[in-house]
Each structure stands twice: as structure tokens, then as C-alpha cells.
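These notes are about the structure you will find just below.
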Amino acid sequence: MGSKSLDEVLDAAAAGVHYSAFRLEELDLKASMSGLEQPTTSGLENGHQEPFVIGVAGGASSGKSTVCKMIIDQLRDQRVVVVTQESFYYGLSDEELVHVYDYNFDHPDAFDTDMLLSCMENLKHGKAVDIPNYSFKTYKSVPGARKVNPSDVIILVGILVFHDSRVRDLMNMKIFVDTDADVRLTRRIRRDTIEKSRDIKIVLDQYSKFVKPAFDDFILPTKKYADIIIPRGGDNNVAIDLIVQHIRTKLGQHDLCKIHPNLYVIHTNYQIRGMHTIIRDAATTTHDFIFYADRLIRLVVEHGLGHLPFKEKQVITPTGSVYTGVEFSKRLCGISVIRSGESMENALRACCKGIKIGKILIHREGDNGQQLIYHNLPKDIANRHVLLLDPILGTGNSAVQAISLLLKKGVQEANIIFLNLISAPQGVHVVSKKFPRLKIVTSEIELGLNDDFRVIPGMGQFGDRYFGTDDYQSSTPFFGDDKNRVRLL
Ligand SMILES: Nc1ncnc2c1ncn2[C@@H]1O[C@H](COP(=O)(O)OP(=O)(O)O)[C@@H](O)[C@H]1O
Ligand SMILES: Nc1ccn([C@@H]2O[C@H](COP(=O)(O)O)[C@@H](O)[C@H]2O)c(=O)n1
Ligand SMILES: [Mg+2]
């Protein structure tokens, strides 16, 4: 473990050495580098991502710090900061110092929870904070508050971090380290006598007078709030692996996905960002718009198809071996919302040979009034999985109209997959709230809607750009003014 103790390592992390999990041996070197460079760009700086907050609770000496260190080590490419609850111990008055062995450091009132809450709220909202520097020697905060910068992952660790519901509510994941009482006591004796140079009698007195009762009365009752309970703490490598995997998945997701589990944003990369850049550019030609929109639509359709149920199927390969695979679901159909949704039909046909595709036309009257004016759906639609096609989810009003019609026709809500290229958070909220069992698959989440209910940054009138009618005069019956026209997004 090199020259640094576990707690020093975690302190260094809290002090702003935002390690993408530096190796411990590297920590000295990194910390001594001038300016403490910040390695990778955090999701925060990229825009929307809130940090992922993990709470780690458990009895004293249960292995909380050890578990944190293991998580940090495995999250190699993420910026992690650790905030320890003990930094927020109230300092002892002179009077209390005289009777220090009668002071209960294991009671919730020993911590300045309001200050802890305020620091955590600031970090969660992307602001740097100063964490007090608590000294176990003087029993007070000493000069040298540690600056902690916002990060991708914030770990809040301490015996009572689940005690206050306001603090709990900030956490995206709650871990309870569950270690036998005798193991905790043995470790505590070793730590307090060796590292803190305390007398064994005092350590044992403190344990029986305060530590054990507080564990039973305040710490153990918070175990029920945990999402994950880790028996054997740092010895439990499987649990740590699973936790790290989950954190990685969550970090790769947009914040909206954390709220709406049925929203799927396809995994982005520079190809996808590049295609979006082209189709969002107002100067892009119709030819290029179609080409890159088609590529993106194909990705969304393929992702959407991945959510269909499947049956196991075995085939014999040309080498005579058995390959156990899956069979595509057959009972499905597409429904496009005219007219921009029709741009997605080719991609669906290219993926699903001979698929039936129905249509729905929605008329927009003013900003709120939506009227269904035409539909042509497969007769047996109630028995099918439906891929609903519309490249833009804005207010969600037309999606609600279209989905309501499908439900009226007997389609199961859970059998609808709504495919779009871009989704505004408002539309996602409206659709997910009303139809929580439906899935939404999209390629990017937008900033929002402007005063005219248009998606921002958006990509303009999708149908007009795709079908090359964006330079037409508004003279056909399908082109009204903005407030009263057939929907041509
Ligand atoms: N799995 C383990 N095996 C052996 N010793 C451990 C283990 N986990 C922690 N320790 C030791 O026990 C002591 C307390 O562990 P720590 O992680 O600091 O607990 P906590 O943060 O819950 O007080 C430390 O000295 C640590 O090195
Ligand atoms: N001045 C202090 C402050 C706290 N303690 C004990 O520390 C324990 C919590 O720390 P963990 O790393 O084990 O979570 C707690 O049991 C306090 O009694 C102390 O001894 N002196
Ligand atoms: Mg600790």
C-alpha cells in the first residue's frame, strides 16, 4: 500500500486529487505535482450530468474506508471525491475537552449535519466546497480546510450518513458495510491503540459506553435504507465488482434515464455526435441531411428491436456444430406518425423484412389542441409489438395522442416501443408519466423547448428537411401557419 494509510489516501481524494483512480503508488507523485492537475473532463463540464452520489455507512471499523478505496481503484477513468462524515464533527468546547471520555462521538448529534448537507448539495450541483479539517488529536477543526471540486462520483462515508433523510435523499446509491461486531471491535482496538496511541482501557470503555449502544440504536436501524449490503466489507470482491459495474452504467446514462427507467438513450460515440452535428446544422444540404438522418435512424431502430422479446433457437453451423442463439420476434409492426415518422420507415423495413407499417396523422390546432385526423393500422395490431416512429419528441402532446389510439385499439402499453432521434425532457416526462410501461428509445436528449414549443437545440422541421420541402411556400393544405396546421415536424 506504499507509504500512505488508507485514510490519508481518502483524504487526498477529498482534498481535490480527483483521481480517475490513480494507483496508490502514484498518489504521492500526483499530489505533489504543482496545481494538482485535473485529469479527465467530468461529465459536469460536458453539460447535463449530475455527479453520482454514493453513501457508505456501517459500524466503526467495519471496513467502510477500505470499500471506498476499492471502488475508487476500480473506477479508473472516473473522477471520484470522497467526503468523510467525521470531517463534520462539532469541535469540543474547553469544558467538554476536560471530560472527553464522557463525550459520545457515535451519536448523531456529534455531527454538524446542516453543514454536511450544505456541502453535499453544493457538490451535487457542481460547486466546489471547503471541507473542514477535523483533528482527532485536538477534537476540533483545525486550519487547512480541504477544497473539494465537483466530480463524476462523490462518495460520502461515515457511520451515520444514512441517519438524516435529507442527506439520504441526495444519494443515488446506498451501501451498508456489514461486518461482525467482534471483528469491528478487534480492528478498533488495533487502530485506536496503534494509530491513535490510545490506552486500551479507554478504548474498551468507550466501546461499551458509547460505540456499541450507538451502533444498536442509530447505525444498525439505518441498514434498511441500503440498496446494497456488503457482508465482509473489503473481502467481498464480487460485491465491489457489481457496484463498480452499476456505477459505470449509471454514469454512462443521461440524468433523465435515472428518473425514467424506460428511457433508453443509445450509447453515444464520436460517429454519432458527428452525424448529429451534420443534421442539426441549418446549412446542411437535403442530400446530406437524408444520408446522416438515415444512418442515425437505423441505429435507433436496431436498438429498439433489441428490446423485443426473443425465443431461444438452436441451429447447425456449416462445421456441424450447434449454435444456440435466439429467434426474432415475429408479431410486430411499425406505426409512423405522418409525416416525419415516415422518414423512419425505410430503416425499419431494412431491418425487418416485410414488416407491416401503419400510419397516424395528427392535426395541431394551436399549441395545446391536438386532433387525430387519420389512421390506418394493421387489423390485428392488438396482438403485436408496436414500434412507434416519430423522429422528434417535443411537448409529448402528439405522442400521447398516438399512443392513446394504440391503447384504444387494444395494444398492450408494455408492447409499445417509441423510437425517436431526439427527445426533449418535457416530452419524456409527459409520455413516461402517462405510459410508464412503454419504452422510449432515442439518440440524444435535448435541452428543452422554447416559447414556441420547439425543441432546442433541435434540428428544425424534420419532415420538411428530410423530404426537401423546407424551401416551399406555405400554400398546400398541409402547410398552415405555425398555430394551425397539420403537424409536419
Ligand atoms: N477485510 C479486511 N481484512 C483485514 N483488515 C481490514 C479489512 N478491512 C479493513 N481492515 C482494517 O480494519 C481497520 C478499519 O478499516 P476501515 O476500512 O478504516 O473501516 P472504517 O472506515 O469502517 O472505520 C483498518 O485498519 C483496515 O486496514
Ligand atoms: N474524536 C473522535 C471522533 C470519532 N471517534 C470514533 O470514530 C469512529 C468513527 O470512525 P470510523 O472511521 O470507524 O467510521 C466512531 O466510532 C467514534 O467513536 C473517536 O474515537 N474520536
Ligand atoms: Mg473510515
Side-chain angles (χ1 to χ4, degrees), residues 1-2 4-14 24 55-73 82-93 96-97 99-112 132-142 155-163 175-200 202-220 222-223 229-240:
M1 183 166 162
K4 290 208 171 272
S5 78
L6 196 57
D7 284 335
E8 281 172 307
V9 169
L10 297 178
D11 278 355
L24 290 179
V56 180
S61 297
S62 56
K64 300 182 296 297
S65 304
T66 307
V67 164
C68 292
K69 182 197 153 291
M70 291 172 79
I71 294 174
I72 291 166
D73 269 357
V82 178
V83 177
T84 54
Q85 189 183 25
E86 58 202 32
S87 307
F88 297 88
Y89 268 122
Y90 282 116
L92 265 54
S93 65
E96 285 165 333
L97 274 174
H99 308 287
V100 68
Y101 300 126
D102 292 329
Y103 193 87
N104 189 350
F105 290 100
D106 292 68
H107 193 279
D109 292 348
F111 300 95
D112 186 347
N133 185 12
Y134 180 78
S135 160
F136 283 87
K137 285 202 177 82
T138 62
Y139 302 98
K140 282 183 171 110
S141 282
V142 292
I155 304 182
L156 174 63
V157 56
I159 50 173
L160 284 162
V161 292
F162 297 165
H163 186 260
I175 300 171
F176 190 93
V177 183
D178 200 10
T179 305
D180 284 350
D182 50 355
V183 177
R184 281 188 275 114
L185 176 59
T186 321
R187 286 180 188 163
R188 187 183 180 101
I189 293 170
R190 194 183 315 126
R191 189 177 62 179
D192 283 5
T193 53
I194 298 171
E195 287 173 27
K196 293 184 183 163
S197 309
R198 291 182 183 171
D199 185 82
I200 177 107
I202 290 168
V203 175
L204 291 175
D205 279 354
Q206 187 193 11
Y207 185 83
S208 54
K209 202 162 153 193
F210 298 122
V211 180
K212 187 177 175 340
F215 180 81
D216 294 337
D217 294 346
F218 303 114
I219 302 173
L220 192 58
T222 66
K223 187 170 149 180
I229 295 164
I230 311 189
R232 306 182 313 283
D235 287 336
N236 197 332
N237 285 310
V238 174
I240 308 287

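Whatever order the structure lists them in is the order used to number ligands and atoms, beginning at 1. These numbers were taken from a predicted model, which means no experiment stands behind them.
The shell of residues lying under 4.0 angstrom from ligand 1, judged by heavy atoms, includes Ser62. In this structure, Gly58 does not count as a contact residue of ligand 1, since none of its heavy atoms falls inside 4.0 Å of the ligand. Taking 4.0 Å as the cut-off, Tyr103 does not count as a neighbour of ligand 2 on heavy-atom distance. Note on ligand 2: Gln85 sits outside its first shell, no heavy atom being nearer than 4.0 Å.
To the nearest 0.5 Å, the span separating CG on Asp235 from CD1 on Ile240 amounts to 9.5 Å. Taking CG of Leu160 as the start and OG1 of Thr222 as the end, the distance is 7.0 Å to the nearest 0.5 Å.
Ion pairing between Asp106 and Lys212 fails under the 4.0 Å rule for side-chain N and carboxylate O.
The atoms of ligand 2 that sit less than 4.0 Å from any heavy atom of Arg198 are 19 (C), 20 (O), 21 (N). Per-residue contacts place Ser61 under 4.0 angstrom from the following atoms of ligand 2 (heavy atoms of the residue considered): 13 (O). Taking a cut-off of under 4.0 Å to the non-hydrogen atoms of Gly59, the atoms of ligand 1 that pass are 22 (O). Near Tyr139, the atoms of ligand 2 lying under 4.0 angstrom from a non-hydrogen atom of the residue are 1 (N). Listed by number with element, the atoms of ligand 2 under 4.0 angstrom from any heavy atom of Asp106 are 15 (C), 16 (O), 17 (C), 18 (O). With ligand atoms numbered from 1 in the order given, ligand 1 contributes 17 (O), 18 (O), 20 (P), 21 (O) to contacts under 4.0 Å with heavy atoms of Ser65.
Of all the heavy atoms of Lys64, the ones lying under 4.0 Å from any atom of ligand 1 are found in both the backbone and the side chain.
Considering Glu86, Met70, Arg187, Glu195 only, the shortest heavy-atom separation from atom 3 (N) of ligand 1 involves Arg187.
Partner of Tyr139 under the ring pair (Phe, Tyr, Trp, His ring centres under 6.0 Å) criterion, chosen from Phe105, Tyr89, Tyr103, Tyr134: Phe105. If you run side-chain contact (heavy atoms from CB on, under 4.5 Å) between Lys69 and each of Asp73, Ile72, Thr66, only Asp73 comes through.
Between Phe210 and His107, the ring centre distance reaches or exceeds 6.0 Å.
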